[in-house]
Amino acid sequence: MADAAQRSTASNDVETQLVRVVEELEAARRRLVTIADDPHERNTLEEQILRLEDDLGALERTRAQGSGSSATTKNSLGTLEGSDLLAFLQSQSNEMFSRLFTDTTSCLAVFTILPALAKHFVMRFIFVSGTIGDVILRQWSLPEAFRGVGLHQEAERTLSSLHIWKHDDELCGYALDKAFRKSMRTVLAGGGRPWCDRTSLKGRKRRVAKDLDAYGKKKWESVLSAMVDQDNSTQSVGALGTGVMDVLFDGGLLSGVPGAHTVTKRGFQFLLQSERAQVWFYVFQLCAGRPAATVADVLALVFRLSFATPGDDYPVDGLSALQQGLLAHLGSIGLLYRKPESKRYYTTALATHLMSAAAGTDGSGDPAVRPRGYIIVETNFKVFAYDPSDLQLALLKLFMDMECLLPNMAIGVLSRRSIRTALLNGISAEQITCYLQMHAHERMAPLKEASPWSPIPSNITDQLFLWQWETQRAKAVPGCLYSDFDDDDDFAATLRFAEEVDAVLWCDKAKQKMVVTGAGHREVKQWRKAQREAMV
């Protein structure tokens, strides 16, 4: 309890310092634009801005580290586009949400992934039938929520993008979606129609949760093994079925044909993601290209599985026809267990841990969710993997050279050649670092408190990024320099237009100079010509 209180206090102190530094940085930048042409004063102010920017970067890194190793892993491994639940939901249509919000479990799942301030707004809105004015809504947030990153504005945007509330311009306020309000009231106060009505089942048939967890893990590993197992890929594809392989190909993870496929750059990134991110990415690809009603049914079924109790049996009759048809597919990847033609199904740990990751914890804080650590990295670039599975060995071979294979241990080395090969395949140094962190052996746990880079030695991490930077050499980009503007308004207007058309390569507001892309130069030039003609 004391440790938690200290972490909470430290987090609040960091947030306070962040707000202060952002305010000072904005004030200094405004001052730099308005000061007289005094070289000494300008140099002093530029040095202050550089110092504040360094402080801001250090505070942001401290805040990311303070959120724990799970947050670091989530942010770093979440670089694969299409694996974030909130971003996926924000891209969906109002029609999809209209159907999704009729399901109480889905509403609870959406509520779980909201930012803290957005949750606060929803809880105060649930039992209000009318519209809450903007002025009243602003009073529900502390003054700090309007500074810096704008937590109040972020909460408003998030709730609007998820169609949880809508803004009434005439009444100048927000009104909660009726279906969402009704479902959330049912979640909090009870009532409604239960989704797990077992009256159609003849007796209860519970199963051992550990057996179901092992089943789900084995099924999902078979999916990953089919991707990386080139020697026996035909047999792996046959065991999975064409439906699963179609999703992998449609998601851009594989190229070629089933049985003679190769892993794409996106596929290599996918393999190094956390297990939860991989499953969410797969679910989103399963929804891709489907009608809004179908997407809502798929998500509702996955949300139900994630909130179900491991070991309990659930009736198939409580699902829609589409959801019943998806049971076999989801069973083949390990999200549930069901015997052929059985009237009951069971959830697995692969599904129940999905929402812990979506809510931002990534499950790393729960020993039952955290993957078993098996990797030890030494300062001499040696990597020791204890009792690795065939899949884990295949993943390690993606970025390291294997030197020795023993019955219960594998020894490899992180070399410049192996890392460059991984970089060319689309794997970043950050992903390699986070994968090694996420699967670090429990004996490396004491090091996690020593430094933000642990349990990997700092010289290893630094060298991985140095090897990555070797592949990121400077390259020539055609552009056009704009300078000698008539006045501040002329420069500001031109910069604003160039940013709107995404043509700015470089800009120095203090010296009123900018470089626009070669493709955007003609458009900016025509715009300036039209502005001058309009002023004549």
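Nothing here was measured: the structure is a model prediction, and the numbers come from that model. Throughout, numbering of the chain's residues begins at 1 and tracks the sequence.
You'll find the side chain of Leu254 reaches within 4.5 Å of the side chain of Val263, heavy atoms only. Between Leu319 and Leu326 there is no side-chain heavy-atom pair separated by less than 4.5 Å. Phe88 places none of its side-chain heavy atoms less than 4.5 Å from the side chain of Trp280. Looking at Asp313 and Arg207, their side chains never come closer than 4.5 Å, going by heavy atoms from C-beta outward. Side-chain contact between Lys166 and Asn94: present, with at least one pair of heavy atoms (C-beta onward) separated by less than 4.5 Å. Using a 4.5 Å heavy-atom cutoff, the side chains of Leu327 and Val316 are in contact. Residues Leu142 and Leu151 fail the side-chain proximity criterion, which asks for heavy atoms closer than 4.5 Å. Side-chain contact between Phe281 and Gln278 is absent, with no heavy-atom pair separated by less than 4.5 Å.
Residues forming a salt bridge (Lys or Arg N to Asp or Glu O under 4.0 Å) with Glu95 (at least two apart in sequence, or on another chain): none. Applying the side chain to side chain contact (heavy atoms under 4.5 Å, CB included) criterion to Pro115, with sequence neighbours excluded, gives Ala118, Glu154, Thr158.
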Donor-acceptor contacts under 3.5 Å from residues 171-178 side chains, at least two apart:
{"unit_1": "Asp177", "atom_1": "OD2", "unit_2": "Ala179", "atom_2": "N", "d": "3.1"}
{"unit_1": "Asp177", "atom_1": "OD2", "unit_2": "Phe180", "atom_2": "N", "d": "3.0"}

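Residues Tyr374 and Gln392 share a closest heavy-atom pair of OH-CB, 3.4 Å. When every heavy atom of Arg181 is checked against every heavy atom of Phe125, the shortest pair comes out as NE-O, 4.1 Å. The two residues Tyr345 and Pro315 come nearest to each other via the heavy atoms CE2-O, 3.5 Å. Contact between Val298 and Cys287 at its shortest, heavy atoms only, is CG1-SG, 3.6 Å. Of all heavy-atom pairs spanning Ala155 and Phe121, the tightest one is CB-CE1, 3.8 Å. Residues Gln92 and Val295 come closest through the heavy atom pair OE1-CG1, 3.8 Å.
For the atom pair Arg138 CZ and His152 NE2, the distance stands at 5.5 Å (nearest 0.5 Å). Rounding to the nearest 0.5 angstrom, the gap separating the CD atom in Glu170 from the OG1 atom in Thr131 is 10.5 Å. Here the CG-CG distance, from Leu350 to Leu305, works out to 10.0 Å after rounding to the nearest 0.5 Å. With values rounded to the nearest 0.5 angstrom, Leu108 atom CG is found 8.0 Å from Thr104 atom OG1. The CG atom of Leu100 sits 6.0 Å away from atom CZ of Phe303, with the distance rounded to the nearest 0.5 Å. Taken to the nearest 0.5 Å, the CH2 atom of Trp165 stands 10.0 Å off from the CD1 atom of Ile132.
Not one N or O on the side chain of Ser342 forms a donor-acceptor pair closer than 3.5 Å with the backbone of Arg338. Of the possible donor and acceptor atoms, none in the side chain of Arg99 sits under 3.5 Å from a partner among the backbone N and O of Asp297. Checking side-chain atoms of Thr102 against main-chain N and O of Ser98 turns up no donor-acceptor pair under 3.5 Å. When atom types are taken as modelled, the side chain of Thr264 and the backbone of Gly252 share a donor-acceptor pair closer than 3.5 angstrom. A donor-acceptor pair is defined here as one N or O able to donate and one able to accept, closer than 3.5 Å; such a pair exists between the side chain of Thr348 and the backbone of Gly334. At least one donor-acceptor pair under 3.5 Å links the side chain of Gln269 to the backbone N or O of Gly426. Judged by distance alone, the side chain of Ser225 and the main-chain N or O of Leu391 form no donor-acceptor pair under 3.5 Å. With Ser160 contributing its side chain and Arg157 its backbone, the two residues share no donor-acceptor pair below 3.5 Å. Panel note: side chain Tyr314, backbone Thr309; a donor-acceptor pair is recorded below 3.5 Å. Proximity of a side-chain donor or acceptor of Ser183 to a complementary backbone N or O of Phe101 within less than 3.5 Å is detected.
The aromatic rings of Tyr337 and Tyr346 sit tilted, their planes meeting at an angle between 30° and 60°.
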Criterion side chain to side chain contact (heavy atoms under 4.5 Å, CB included) on Leu436 and Phe399, from CA distance to verdict: CA-CA 11 Å; Leu436 295 175; Phe399 55 84; 4.0 Å; yes
Tyr282 and Leu248: CA distance, side-chain angles, deciding distance, side chain to side chain contact (heavy atoms under 4.5 Å, CB included) verdict: CA-CA 8 Å; Tyr282 186 94; Leu248 298 178; 4.2 Å; yes
Derivation and outcome, side chain to side chain contact (heavy atoms under 4.5 Å, CB included), residues Leu89 and Ile113: CA-CA 10 Å; Leu89 291 176; Ile113 65 175; 3.6 Å; yes
Glu156 and Leu137: CA distance, side-chain angles, deciding distance, side chain to side chain contact (heavy atoms under 4.5 Å, CB included) verdict: CA-CA 10 Å; Glu156 285 187 338; Leu137 186 65; 3.5 Å; yes
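For the side-chain contact (heavy atoms from CB on, under 4.5 Å) with Phe307, the qualifying choice from Thr352, Val302, Thr112 is Thr112, the only one to do so.
Other residues, nucleotides and ligands contribute more than 12 heavy atoms inside 6.0 Å of the CG atom of Asp211.
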